[in-house]
Amino acid sequence: MNKFLCCTLVLLDISVKWTFQDDSPPKYLHYDPETSRQLLCDQCPPGSYVKRHCSASSPTQCAPCPAQYYADEWNSNEECQYCSTVCKELQLVRQECSSTQNRVCECVPGRYLELEFCLRHTECPPGSGVAQAGTPESDTVCERCPEGFFSNETSSKAACLKHTNCSALGFKIALKGNEVRDNICQENTDTTPQKCGIDVTLCEEAMFRFAVPTHVTPNWLNILADSLPGTKISVIVKTVS
Ligand SMILES: *[C@@H]1O[C@H](CO)[C@@H](O)[C@H](O)[C@H]1NC(C)=O
Ligand SMILES: *[C@@H]1O[C@H](CO)[C@@H](O)[C@H](O)[C@H]1NC(C)=O
């Protein structure tokens with residue numbers, strides 16, 4: 001045989017084997033008592049089990065998994081696996097039992113699985129916000145609010161918020177924000193006296209308080225007597241001079 005033909009045949013042989021293996025069932029070794037030989041039997045597909053092993057004369061016989069049983073892979077098992085029973089406390093069914101999949105449980109919203117327990121998602125304290133929300137499998141990831149951002153709440157959902165841009169609103173900053181507090185804006189009052197600019201009511205109140213004459217000191221004994229229950233008696237204050 002010439003060299004070229006030989007190699008072509010080998011290559012052809014390999015590629016045929018590969019394409020053939022792609023859609024043929026995986027195999028398993030089985031000892032056949034009749035012939036006392038190891039046979040290469042076909043496995044059974046997901047959703048089924050081996051009802052009868054192959055023999056020298058017949059292929060493997062597969063049968064579907066009964067209700068509440070499953071096989072999630074090609075297999076050579078003589079029975080399917082039993083689906084897990086009901087989900088635990090604080091869990092709900094994410095996926096029901098089928099012939100090809102076991103029942104899958106997951107933690108209820110707001111909780112994640114840590115070892116065997118569904119723990120509450122961590123809440124990020126003021127000064128930090130949620131960088132990555134928690135899932136049924138993972139806890140919240142918090143981050144410290146970066147420069148220019150703040151969070152004033154304890155929350156497993158809220159991200160850091162941007163400080164209000166006072167100048168963009170036509171105001172100036174009265175109190176600069178930090179990681180737990182927003183900027184507090186104030187009207188630009190450079191031209192007018194500041195006292196009554198913000199809140200008229202507060203301003204009037206302040207003026208009223210100022211207006212009360214301070215030299216009049218109330219007779220505190222009479223006030224006390226007026227507010228006492230029962231018969232009113234007059235109080236005489238004798239001033240010794
Ligand atoms: C947090 O800030 C927001 C907006 O600035 C405000 O409405 C809210 O009352 C604040 N919450 C707390 C707990 O301080
Ligand atoms: C605020 O807004 C102004 C004008 O819109 C902008 O030039 C400035 O960069 C902003 N400042 C911040 C801190 O975002």
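Remember, it's 1-based here, ligands and their atoms both numbered in the order they're listed. Here the structure is a predicted model, which means the values were calculated and not measured.
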Undergrad: Could you grab the distance from atom SG of Cys97 to atom OH of Tyr69, nearest 0.5 Å is fine?
TA: 10.0 Å

Undergrad: Test: salt bridge (Lys or Arg N to Asp or Glu O under 4.0 Å). Region: residues 109-132. Which pairs qualify, not counting sequence neighbours?
TA: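 Of all non-adjacent pairs touching residues 109-132, those that pass salt bridge (Lys or Arg N to Asp or Glu O under 4.0 Å) are Lys88-Glu116.
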
Undergrad: Using heavy-atom distances, let me know which of Leu169, Asn165, Asn183 sits nearest atom 2 (O) of ligand 2.
TA: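 It is Asn165 that holds the nearest heavy atom.
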
Undergrad: Taking Lys162 first and then Glu147, would you say they form a salt bridge - that is, a charged N and a carboxylate O separated by under 4.0 Å?
TA: no

Undergrad: Establish whether atom 9 (O) of ligand 2 and some protein heavy atom are separated by less than 4.0 angstrom.
TA: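 So atom 9 (O) of ligand 2 lacks protein heavy-atom neighbours under 4.0 Å.
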
Undergrad: Any chance the side chains of Ser55 and Asp32 put a donor and an acceptor closer than 3.5 Å?
TA: no

Undergrad: Note the single closest protein heavy atom to atom 4 (C) of ligand 2, along with its residue, its atom name and the distance in Å.
TA: Ala168 CB, 4.3 Å

